[in-house]
Undergrad: 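Dumping the structure here so I can ask a few things about it.
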Amino acid sequence: MSAHPRFFQQLSRELAAASNPTRRDELLDYWIDCRDRATEWDAHCWGFNPDTWCANERAEMERRAKAKPPSG
């Protein structure tokens with residue numbers, strides 16, 4: 001999932017209004033970046049809470065790290 005649909009609507013308007021090729025390239029690069037990377041909006045839609053995300057996995061890794069004997 002990419003950024004919020006309204007973001008892309010606004011970006012479309014900016015692209016249509018851009019007359020400078022360099023600015024259009026910047027906006028298109030930004031479009032691709034936001035299309036391909038997750039955002040905080042995505043995390044919310046997927047049900048991720050920054051405080052609890054991967055809490056079970058992190059707890060298991062900590063447990064294993066504490067149980068592993070030191071190497072050497």
Undergrad: If you define the side chain from C-beta out and look only at heavy atoms, does anything of M61 sit under 4.5 Å from R64?
TA: no
Undergrad: Which residues pass the side-chain hydrogen bond (donor to acceptor under 3.5 Å, both in side chains) test with R6, sequence neighbours left out?
TA: none
Undergrad: Nearest 0.5 Å, what's the CG-CD1 distance between L27 and I32?
TA: 11.5 Å
Undergrad: About how many Å separate CZ of R23 and OH of Y30, when rounded to the nearest 0.5 Å?
TA: 9.5 Å
Undergrad: Got a sec, which residues hit side-chain hydrogen bond (donor to acceptor under 3.5 Å, both in side chains) with D25, two or more places apart in sequence or on another chain?
TA: none
Undergrad: Shared ILVMFWY cluster between L11 and L28, side chains joined below 4.5 angstrom?
TA: yes
Undergrad: Could you go through residues 12-19 and list every donor-acceptor pair under 3.5 Å that involves a side-chain atom there, pairing it with any protein atom two or more places apart or in another chain?
TA:
from : atom 1 : to  : atom 2 : distance (Å)
S12  : OG     : F8  : O      : 2.9
R13  : NE     : Q10 : OE1    : 3.4
R13  : NH2    : Q10 : OE1    : 2.9
E14  : OE2    : Q10 : NE2    : 3.3

